[in-house]
Amino acid sequence: MNSVLVDTNVWVDIALKRPDFFEDSLGSVMACVEEGAQIFVVGTSVKDVFYWAEWSAGAEAGYRALSMLFDIADVAVVDGPVCKNAVSLERPDYEEGIISACARAEQVEVIVSRDETAFKDACAPKFTPRELLSHLGYEMVDF
């Protein structure tokens with residue numbers, strides 16, 4: 001696996017340390033880092049991560065979340081062609097269409113998302129964080 005696009009919900013899980021999702025989400029991103037994959041975040045997701053972190057813990061938390069994000073991922077550009085291509089994808093959810101169109105533009109091999117019903121029109125297979133860990137051969141260890 002050379003490239004992966006990580007959906008907004010996974011980044012928010014990490015930034016907010018959401019109890020039910022944090023371990024799998026962080027684990028899947030760190031596994032991608034360990035595997036040497038190029039990791040993408042969609043430009044529109046960046047503002048969402050900042051918003052949720054700021055809402056949860058203040059502006060400094062939002063900026064810390066962005067710092068983490070930019071250390072790990074490359075930003076997939078949301079430009080005119082992406083926005084236009086998104087119209088025909090993932091209906092009725094235009095936001096998912098943008099993410100799917102970015103995945104196509106960046107020619108990613110995998111999308112990671114907790115949204116079980118999203119990305120049916122995507123150019124790449126979608127895995128939940130836990131599915132990706134399993135697919136890559138990582139096992140969850142309970143302590």
Side-chain angles (χ1 to χ4, degrees), residues 1-79 82-83 85-143:
M1 177 181 66
N2 294 315
S3 59
V4 59
L5 187 145
V6 178
D7 190 12
T8 309
N9 54 50
V10 175
W11 294 116
V12 172
D13 291 344
I14 296 167
L16 299 185
K17 297 182 181 173
R18 287 181 171 161
D20 294 339
F21 309 112
F22 176 73
E23 288 183 15
D24 287 349
S25 291
L26 180 62
S28 67
V29 170
M30 295 316 298
C32 292
V33 169
E34 188 172 297
E35 297 289 322
Q38 183 176 16
I39 302 169
F40 288 97
V41 59
V42 173
T44 54
S45 297
V46 172
K47 66 147 180 80
D48 293 336
V49 170
F50 179 84
Y51 170 81
W52 286 108
E54 178 187 38
W55 179 84
S56 173
E60 282 309 310
Y63 287 109
R64 281 193 307 273
L66 293 186
S67 179
M68 172 272 305
L69 191 65
F70 296 144
D71 284 346
I72 295 171
D74 294 319
V75 178
V77 175
V78 179
D79 59 6
V82 164
C83 290
N85 290 335
V87 169
S88 65
L89 301 172
E90 308 301 332
R91 287 182 174 249
D93 192 324
Y94 184 66
E95 180 180 3
E96 289 175 9
I98 288 176
I99 293 169
S100 189
C102 281
R104 287 182 182 200
E106 296 295 349
Q107 300 178 345
V108 300
E109 296 174 37
V110 170
I111 297 172
V112 181
S113 176
R114 277 193 304 98
D115 189 335
E116 298 283 344
T117 61
F119 309 116
K120 60 190 171 301
D121 297 330
C123 63
K126 184 214 42 179
F127 293 93
T128 66
R130 181 159 289 195
E131 289 170 343
L132 182 65
L133 287 166
S134 177
H135 176 76
L136 294 174
Y138 291 85
E139 294 181 28
M140 298 300 290
V141 177
D142 292 323
F143 289 99

Which atom pairs, donor and acceptor, lie under 3.5 Å between side-chain atoms of residues 57-65 and protein residues at least two apart or in another chain?
none

Side chains of residues 32-53: which donor-acceptor partners sit under 3.5 Å, not counting sequence neighbours?
from, atom 1, to, atom 2, distance (Å)
Glu34, OE2, Tyr138, OH, 2.9
Glu35, OE2, Tyr138, OH, 3.0
Gln38, NE2, Asp74, OD2, 2.8
Ser45, OG, Thr8, OG1, 2.5

Counterpart residues, ring pair (Phe, Tyr, Trp, His ring centres under 6.0 Å), relative to Phe21 (two or more places apart): none
Residue list, side-chain contact (heavy atoms from CB on, under 4.5 Å) with Asp93, at least two apart or on another chain: Glu95, Glu96
Residue pairs fulfilling side-chain hydrogen bond (donor to acceptor under 3.5 Å, both in side chains) with at least one residue in residues 21-32, sequence neighbours excluded: Asp13-Ser25, Asp24-Arg130
Under the side chain to side chain donor-acceptor pair (under 3.5 Å) test, residues paired with Glu109 that sit two or more places apart: Asn2
CG on Leu5 to OG on Ser113, rounded to 0.5 Å: 9.5 Å
Gap between atom CG of Leu133 and atom OG1 of Thr128 - 0.5 Å precision: 8.5 Å
Qualifying residues under side-chain contact (heavy atoms from CB on, under 4.5 Å), relative to Ala101, sequence neighbours excluded: Val82, Asn85, Ala86, Leu89
Inter- and intrachain pairs under ring-ring contact (aromatic ring centres under 6.0 Å, His included), touching residues 101-132, at least two apart: Phe127-His135
Non-neighbouring partners of Asp7 that pass salt bridge (Lys or Arg N to Asp or Glu O under 4.0 Å), sequence neighbours left out: none
Residues forming a side chain to side chain donor-acceptor pair (under 3.5 Å) with Thr117, sequence neighbours excluded: Asp115
Minimum-distance pair of heavy atoms, taken over all atoms of Glu106 and Val77: OE2-N, 4.1 Å
Partner residues of Asp79 under the side chain to side chain donor-acceptor pair (under 3.5 Å) criterion, sequence neighbours left out: none
Set of residues satisfying salt bridge (Lys or Arg N to Asp or Glu O under 4.0 Å) with respect to Arg104, sequence neighbours excluded: none
